[in-house]
Amino acid sequence: MKKIFTALLVVLMFGSVLSAQEKYIPTKKNLEAREWFQDARFGMFIHWGVYSVLGDGEWVMNNQNIPVDRYELLPGFFNPEQFDAKKIVDLAKKAGMKYITITTKHHDGFAMYDSKVSDYNVVKATPYGKDIFRMLEEECEKQGIKLFAYYSQLDWRHPDYFPRGRTGNKTGRPESGAWEQYLQFQDAQIKELAENYNIAGFWFDGWWDQQDKSDKDNPKKTKVNWDLSHTYKMIHDVNSALLVGNNHHVLPFEGEDFQMFEKDLPGKNTTGFGGTKIGSLPLETCETINHSWGFNLQDGKHKSVKELIQYIVKAAGNDANFLLNVGPMPNGKIQEEHKQRLLAMGEWMKKNGETIYGTRKGSVYIENKVVSTQKGKKLYIHVLNPVDNKIVIDGFNEKIKGAVLFEDRTKVGYRLKNKRLELTVPTEKINETDTIIEITLK
Ligand code: H79
């Protein structure tokens with residue numbers, strides 16, 4: 001008996017090792033989707049849930065230690081009568097964004113779509129009673145915008161999210177639960193999102209809640225088995241073109257299609273939780289306009305239009321998409337300060353988008369001063385914080401046919417000697433936000 005048991009155990013362990021190492025080979029459709037994704041360069045992040053009612057961000061349940069039974073009153077107050085999917089998709093479009101990524105379930109466990117596996121969702125638990133995600137999906141289809149589902153693997157409400165991780169420990173749940181059951185629930189939700197909605201991919205978050213930081217050499221170690229390969233395979237079996245990304249702050253796992261960075265350009269780690277390594281997948285970086293993801297009544301520190309434009313330029317110069325966040329108010333509207341900024345960005349993108357969309361990072365990069373993007377033989381030098389009208393670039397390895405200002409084709413003087421490129425921009429043409437020099441390469 002004991003022998004059989006041991007044999008079974010070996011088979012089981014071996015089996016799981018095998019599946020963990022199974023190599024993921026993206027399909028042609030998936031690789032095409034990745035190309036589309038990189039060309040798109042600019043997306044809208046939407047953080048919305050019942051937490052917006054409290055106007056204190058999406059972490060309010062954890063930060064105020066709100067027990068589950070109290071938090072469960074919030075859906076009853078959620079009635080965003082002025083929500084208009086058309087207006088939001090219009091705004092994304094006017095801003096020059098090509099896709100929208102919205103929270104289908106954040107850490108609080110509340111689903112913003114018509115989930116069949118849990119009644120804790122916007123259709124069944126709120127007076128509003130309509131499927132926000134479906135309405136956005138339909139409007140996105142109409143306007144040619146792609147839709148991604150943000151999904152939090154971390155759950156502060158589900159009783160089977162046990163053992164608990166680093167957060168959500170004071171929401172009044174009993175100290176028990178069956179992890180496998182939680183995973184089944186999570187996968188059922190992910191499956192219904194993949195099957196029932198026309199989406200382009202998933203944006204996962206919350207993995208880090210279970211990260212075991214005791215082993216510095218193995219940042220991918222977790223206290224529970226997330227079995228990501230199973231979840232990812234399930235998604236790609238539904239539709240191999242779906243792009244999977246996970247905000248776990250470590251190098252991509254097998255089965256993922258893009259890598260994201262939160263509140264940081266790729267490879268930077270100013271937040272302290274970003275991780276510094278860049279893998280080989282398409283990249284994305286996400287940021288907030290003020291300091292909050294979910295609507296925050298008291299957060300008035302909004303980034304300027306100049307800062308936001310420079311962010312997307314820097315992202316593109318680091319080969320990354322820019323996913324810029326809005327957190328709708330409980331009435332369903334986007335706050336005016338954010339709307340105005342997005343529209344201003346759209347104006348800039350209308351004029352200068354050619355130097356961003358469909359580009360990849362160029363070879364020229366001077367930290368905090370100059371980034372470059374490239375499409376074919378066109379190299380766009382973006383001068384971000386000019387000190388004077390002369391730009392010196394060392395180690396320039398290419399040959400030049402001509403240089404003009406992107407804005408109005410004014411000739412830009414250049415001298416290239418011993419791999420040192422000197423560009424001279426007419427002083428009156430310097431743009432404080434971004435002076436773009438278009439170089440035609442030989
Ligand atoms: O959805 C938005 C945020 O709510 C979510 N991700 C973005 C896109 C987010 N969750 N956590 N964070 C952002 C910040 C993470 C902080 C962490 Fe930690 C530092 C996680 C692990 C170390 C704070 C300290 C939480 C656990 C310990």
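In listed order, ligands and their atoms are each counted from 1. Bear in mind that the values here come from a model prediction, so they are computed numbers and not experimental data.
- The stretch residues 341-358 participates, sequence neighbours left out, in no side chain to side chain donor-acceptor pair (under 3.5 Å) pair at all.
- Side chain to side chain, Gln186 and Gln153 meet the donor-acceptor criterion of an N or O pair below 3.5 Å.
- Separation of the Trp208 and His107 ring centroids falls under the 6.0 Å cut-off.
- Cation-pi check for Arg157 over Tyr120 is met; the charged atom lies under 6.0 angstrom from the ring centroid and within 45 degrees of its normal.
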Tabulate distances under 3.5 Å between N/O atoms of ligand 1 and N/O atoms of the protein, writing both atom names on each line.
{"unit_1": "ligand 1", "atom_1": "1 (O)", "unit_2": "His47", "atom_2": "NE2", "d": "2.6"}
{"unit_1": "ligand 1", "atom_1": "1 (O)", "unit_2": "His106", "atom_2": "NE2", "d": "2.8"}
{"unit_1": "ligand 1", "atom_1": "1 (O)", "unit_2": "Tyr150", "atom_2": "OH", "d": "3.4"}
{"unit_1": "ligand 1", "atom_1": "4 (O)", "unit_2": "Glu58", "atom_2": "OE2", "d": "2.5"}
{"unit_1": "ligand 1", "atom_1": "4 (O)", "unit_2": "Trp59", "atom_2": "NE1", "d": "3.0"}
{"unit_1": "ligand 1", "atom_1": "4 (O)", "unit_2": "His106", "atom_2": "NE2", "d": "3.2"}
{"unit_1": "ligand 1", "atom_1": "6 (N)", "unit_2": "Asp205", "atom_2": "OD2", "d": "2.7"}
{"unit_1": "ligand 1", "atom_1": "6 (N)", "unit_2": "Glu262", "atom_2": "OE1", "d": "3.1"}
{"unit_1": "ligand 1", "atom_1": "10 (N)", "unit_2": "Trp59", "atom_2": "NE1", "d": "3.3"}
{"unit_1": "ligand 1", "atom_1": "10 (N)", "unit_2": "His107", "atom_2": "NE2", "d": "3.4"}

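- For Trp48 and Phe295, the ring centers sit 6.0 Å or farther from each other.
- A cation-pi arrangement is found for Arg134 relative to Tyr197, the charged atom lying closer than 6.0 Å to the ring centre and inside a 45° cone about the ring normal.
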